[in-house]
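What follows is a short report on a single structure.
The figures here come from the full heavy-atom set of this structure, side chains too, leaving out hydrogens, waters and symmetry mates. Letters A, B, ... mirror the listed sequences (proteins, then strands); counts begin at 1.
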Protein chains: 2
Amino acid sequence: MNDIVTDCHGVKALSEIFKLLSEPNRLRILCGLGMECQSVGSIVEETGLSQTNVSFHLRLLREAGLVRPEKRGAFVYYCLPDQKILALLDDFRSWAETLEKPETHKKAS
Amino acid sequence: MNDIVTDCHGVKALSEIFKLLSEPNRLRILCGLGMECQSVGSIVEETGLSQTNVSFHLRLLREAGLVRPEKRGAFVYYCLPDQKILALLDDFRSWAETLEKPETHKKAS
DNA sequence: CATTCATATGAGTAGTCGCTTATATGATTG
DNA sequence: CAATCATATAAGCGACTACTCATATGAATG
């Protein structure tokens, strides 16, 4: 019995997570939530995105279970279900920094 | 310069990596490379994708440094630059399985 | 060198994504 | 309950993506 990785099952589900994380603004939202739960308005303020846009992204993250809403009066606070993702993101980032991109052969004609 | 980017630096680069990983076929290609370097033809066979399509995906992965080409006669073998990515993918996958997706409120009206 | 094999590139296209401009829901306050 | 605040949804548009077909490059072989 090989690894998940070796026989590649779960690829579809994994790719969907990555698709969510592939949007810079969504990634910023998640990063901002790292510290503590935040209201939508607070996220709007912090990111500089429109309220509509933030709501749009939050819905996608919410439906995937990447963030969890929490009603507090008229406000909705969004939280990370666990902190593990922050560590994962950090691992990924430090690994990504080690990647050597090949030369981009630009011809001076 | 008040920025979230200071908090979440590297977000742009990270999101680009995730975008590459967000395509199921690319993820499968990477998985297949986990064990050993493979020729393009071998990847085509293994994935069932068209040769053109595989070449297209390989270019993106190559340009990002996620795979490395290695000429062997008329063949080009593609390899992972390091095995770390396999561990990262596996970490991500097992974390993803713990995510609880919210109810999708279907009204039977 | 001409042909064949292995891979790469380019043009075109259907579908998806992210964002914007309205508008709706639902809670709070007077 | 009317008005306002906080958030969510809907429709539409431009940009991007993944794929296909056609073709190009470059190595191996006769």
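Per the geometry, CD belonging to B/E23 stands 5 Å off P belonging to D/dA18, to the nearest Å. The distance between atom CD of A/Q38 and atom C1' of D/dA6, rounded to the nearest whole Å, is 15 Å. Atom CG in A/L58 sits about 16 Å away from atom P in D/dA6, given to the nearest Å. With rounding to whole Å, B/R59 atom CZ is found 12 Å from C/dT7 atom C1'. The nearest whole Å value for the distance from the CZ atom in B/F56 to the P atom in D/dC21 is 15 Å. For the pair A/F18 CZ and C/dT16 C1', the computed distance is 20 Å after rounding to whole Å. The distance between atom CD1 of B/I43 and atom P of C/dT7, rounded to the nearest whole Å, is 9 Å. In this structure, CG of B/L60 is placed 12 Å from C1' of D/dC16, rounded to the nearest angstrom.
Of the candidates C/dA8, C/dG10, D/dA8, C/dA8 carries the atom nearest the B/S55 side chain, counting heavy atoms from C-beta on. Set against D/dT9, D/dA18, C/dC19, the side chain of A/H57 has C/dC19 as its closest nucleotide.
Under a hydrophobic clustering in which Ile, Leu, Val, Met, Phe, Trp and Tyr are joined whenever their side-chain heavy atoms come within less than 4.5 Å, directly or via other members, B/L60 and B/L33 fall into the same cluster.
A/Y78 has a side-chain polar atom (N or O) that falls below the 4.0 Å cut-off from OP1 or OP2 of D/dA8. Between A/N53 and C/dG18 there is no side-chain polar atom (N or O) within less than 4.0 angstrom of OP1 or OP2.
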What donor-acceptor contacts under 3.5 angstrom involve side-chain atoms of residues 80-88 of chain A, with partners at least two apart or in another chain?
from	atom 1	to	atom 2	distance (Å)
A/D82	OD1	A/K84	N	2.7
A/D82	OD1	B/W95	NE1	3.3
A/D82	OD2	B/W95	NE1	3.3

Could you pull out all donor-acceptor pairs under 3.5 Å where a side-chain atom in residues 65-76 of chain B meets a protein atom, sequence neighbours excluded?
from	atom 1	to	atom 2	distance (Å)
B/E70	OE2	B/R72	NE	3.4
B/E70	OE2	B/R72	NH2	3.1

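At distances below 3.5 Å, at least one donor-acceptor pair connects side-chain atoms of B/S22 with backbone N or O atoms of B/K19. Listed for the B/Q38 side chain is a donor-acceptor partner under 3.5 Å among the backbone atoms of B/G32. In this structure, A/T47 contributes its side chain and A/I43 its backbone to a donor-acceptor pair below 3.5 Å. Although no hydrogens or angles enter the test, the distance criterion places a donor-acceptor pair under 3.5 Å between the side chain of B/R26 and the main chain of B/L20.
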Tabulate protein N/O versus nucleotide N/O from nucleotides 21-30 of chain C, keeping only pairs under 3.5 Å, one per line.
from	atom 1	to	atom 2	distance (Å)
C/dA22	N6	A/T52	OG1	3.4

